[in-house]
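Just below is one structure, and these are the notes that go with it.
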Amino acid sequence: MAANVYASATDGGSGTDPARTRSGTGVRTAGTTIDCPDVGSRLTSVPEQARAEVDKELALLDEQIAKAYQRLSESAQQAQQDPDFAGTAIMNPLKDKRAATLERIAIAIDRVGDRPEGLDALAACAVRDSGNQAPAQGEGQDGEGDQQPGQEQGDGGQDQQGGGQGQGNNGGQAGNGPVAADFAPITSVQPGAGGPRQEEQASRGTFATDCGVNENGLFNSDNIIAAPGVTNGAHHFHDYVGNQANNAFAADQDLANAETSCADEGDKSSYYWPVLRLQNGSREQDAEKPGGGIEGNAGEIVTPKQVTLNFEGNPRGKVTAMPRLLRIITGDAKSFVNGPANANASWSCTGFEDRQLKDKYPLCPQGSDVVRTFRFQSCWDGRNIDSANHRTHMAFVDAAGNCPSGFRPVPQLVQRIVYDVDAPSLEDGGRTTPLFAVDSFPEQLHKPVTDHGDFINVFDESLMREMVDCINDGRKCGAGAGAEPGEEPGSGEEPTKTPEAPQEEPTKTPEAPQEQPTRTPDASQGGNAGGKPTDAGDGDEDGKGGASEPRATNKPAPEADQGGKAPGTGAPEVRATIAAGTASADAQGGAKDDTGEGTDGLGQSQAVGTATSSAPTPSVPPRTEPQAVGGGGLAETGAQLWPGAAGAVLVIAGFVVLRRVRRG
């Protein structure tokens, strides 16, 4: 079976050329993947004393699969020549290694508890058709065959050499995905029905925290939740915002003492997710490293345009505080082979977020941005901050908004990540406009259904209490409060004004530079695809491909000192306010608070500063201008003054006449 799959899946672009190894990755185009039972999801109960050893063995199982997948992908010719090659050279050795690892897991648990039953049955894996192979020669052309809409045609010109893109049959820079069939137009999706109906006792408030967009460039391929103490435990790169100490070896105290990218320093929580990459031939920092190019995660890492982190309430009642160091994983990084039971991917586009894709990347209309949304589990078992499979201590509400028996509602993290990327050109496999995809385990082939997010609660207890009170009272609070989807954090509130600047508009002088900060154009502004670059060199935010505009950082505007002066200046600060722009947006049906609230009733954390992705640039202080602003001489100045002199003579004459009349 494996040989037959190889024969049809690894032909080159024309159907006759063998697949070629992608530069810098060691991963070949292939139409198969490895499907192994997920041991971690079966281990719902592991004694605490055995947890560290079991976690390391589970990470070793992932490493074994990754190595077997790489060898499978690179061995097309051997498999074609020998039908038994895949089984004898790859799958049987993998089974033996897994059996030994599973036995060590059973022994570790048996030392301190009851030996788990049935682990040995999880050792065997299977070769699986990935669905990524091109049709056989003569099929799928001109409407013939059963090729999925948008699937690559196997055009010989697609296997681009030299540029590093090399879409081939499988698409993707690394040759193991994504493919055209992984994408779908967002306009083809029907709007959703929405969540559970809110009851009278619902907690309707929202607490927003603003932690930036990973402009610090903090990446690694570790996973402190799923594989603590294991380097490259994720086998793919993550973006991190919030806590700046997150790696595989960070202890709880390290997280508590770390710096944070959040505007409110009371939030040292860790928020992380797989990076999004453009399959454009770029070689990133991890091109030759585990977790990166070596494991098929290749291409330019895209910095998000915007990240919003909101904590919401429960539709049936009040929420309680999250315990400190609570860990939550939402979605399933292995759902392509595990199935959708734990999948929680949601893909959409700005302006279309009532439509969500679960197993496809969105093709967004011109001027619309790609959006990833994670709605985390919001029911806690009341006892554990983690569990053996990292799932059973948390749960989702049911269709009516109820938590399972024995669970209590906690604030629900809703994580929204926006990217300024263009819809790829599927007709040429992404050569004109590159494909994009999230990082994944190698055998998961960058499928969109594998998207997932991770969270560790490192809120100060006082700030967590403030969050709970805010949500239960139905208010909007937090350093990122006031922004609706599509707005910059904090843009729904008026900025704080200093006593010296009572005016809403800054005073401008002829020499003053423009007051408006550089912003990425909105879709409503028209122009080139909503402000997107027209070629690969433009808009390269990390400096790899030509000039770019400054990145939006989601950082708060600088605070004025006690004297009301702008930081670093000796003159009173005159702040450029966005209130006029907000009013204009409201008049055109723009963003407003769901409850219609303004700044009244905001929590204390707002004092940290209003968060905004593009902070207004302090204006030039007003100064006295010279009266003679022109370049003329004395004659010109006199010509401007004689009407005033004549008026003065008439006034004096009037006084003289008045005195004579009174004497008479």
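Keep in mind it's a predicted model, so treat the numbers as computed, not measured. Residues: numbered from 1 along the sequence shown.
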Say whether [X] and [Y], considering side chains only, have a donor N or O and an acceptor N or O under 3.5 Å apart.
X	Y	value
Asn214	Asp239	yes
Asp267	Ser269	yes
Asn243	Asn246	no

Donor-acceptor pairs under 3.5 angstrom involving side-chain atoms of residues 320-336: please list them, not counting sequence neighbours.
{"residue": "Thr320", "atom": "OG1", "partner": "Pro409", "partner atom": "O", "Å": "3.2"}
{"residue": "Arg324", "atom": "NH1", "partner": "Phe459", "partner atom": "O", "Å": "2.7"}
{"residue": "Arg327", "atom": "NH1", "partner": "Leu325", "partner atom": "O", "Å": "3.0"}
{"residue": "Arg327", "atom": "NH2", "partner": "Asp252", "partner atom": "OD1", "Å": "3.2"}
{"residue": "Thr330", "atom": "OG1", "partner": "Asn344", "partner atom": "ND2", "Å": "2.7"}
{"residue": "Thr330", "atom": "OG1", "partner": "Gln377", "partner atom": "OE1", "Å": "3.3"}
{"residue": "Asp332", "atom": "OD1", "partner": "Lys334", "partner atom": "N", "Å": "2.9"}
{"residue": "Asp332", "atom": "OD2", "partner": "Asn338", "partner atom": "ND2", "Å": "3.2"}
{"residue": "Lys334", "atom": "NZ", "partner": "Asp62", "partner atom": "OD1", "Å": "2.6"}
{"residue": "Lys334", "atom": "NZ", "partner": "Asp62", "partner atom": "OD2", "Å": "3.3"}
{"residue": "Ser335", "atom": "OG", "partner": "Asp332", "partner atom": "O", "Å": "3.1"}
{"residue": "Ser335", "atom": "OG", "partner": "Val449", "partner atom": "O", "Å": "2.8"}

Is there a donor-acceptor pair under 3.5 Å between the side chain of [X] and the backbone N or O of [Y]?
X	Y	result
Asn223	Ala226	yes
Lys360	Ala181	yes
Asn389	Arg391	yes
Asp286	Lys289	no
Thr350	Asp369	yes
Glu284	Glu300	no

>> Tell me every residue that passes side chain to side chain donor-acceptor pair (under 3.5 Å) with Asp454, counting only those two or more places apart in sequence or in another chain.
In response: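 If we apply the side chain to side chain donor-acceptor pair (under 3.5 Å) test to Asp454, skipping adjacent residues, there are no hits.
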>> A side-chain contact here means heavy atoms from C-beta on lying under 4.5 Å apart; do Pro93 and Lys67 qualify?
In response: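 No, their side chains stay 4.5 Å or more apart.
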> Is it true that Glu353 and Arg355 have a side-chain N and a carboxylate O under 4.0 angstrom from each other?
Replying inline: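 Salt bridge flag = no for Arg355 with Glu353.
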>> I'd like to know if Glu312 pairs up with Arg375 as an ion pair, taking the criterion as any Lys NZ or Arg NE/NH1/NH2 lying under 4.0 Å from an Asp or Glu carboxylate oxygen.
In response: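 A salt bridge links Glu312 with Arg375.
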>> If you compare all heavy atoms of Ser261 against all heavy atoms of Gly242, which two are closest, and at what distance to 0.1 Å?
In response: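 Minimum heavy-atom separation between Ser261 and Gly242: OG-N, 2.7 Å.
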> If you take all heavy atoms of Ala256 and Lys268, which pair is closest and at what distance?
Replying inline: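 Taking Ala256 first and Lys268 second, the nearest heavy atoms are O-NZ, 3.2 Å.
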> Among pairs that include at least one residue of residues 99-110, which meet side-chain hydrogen bond (donor to acceptor under 3.5 Å, both in side chains), considering only residues two or more places apart or in two chains?
Replying inline: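 Found Glu57-Arg104, Gln64-Thr101, Thr101-Arg104, Glu103-Arg115.
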> Are Ser221 and Asn232 close enough, and set up right, to give a side chain to side chain donor-acceptor pair (under 3.5 Å), and what steps lead you there?
Replying inline: CA-CA 5 Å; Ser221 58; Asn232 191 37; 2.8 Å; yes
> Given Phe183 and Phe436, is the ring pair (Phe, Tyr, Trp, His ring centres under 6.0 Å) satisfied, shown in steps?
Replying inline: CA-CA 10 Å; Phe183 294 81; Phe436 61 83; 5.2 Å; yes
>> Among Asn297, Asp182, Asp439, which residue satisfies the side-chain hydrogen bond (donor to acceptor under 3.5 Å, both in side chains) criterion with His446?
In response: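 Output: one option passes, namely Asn297.
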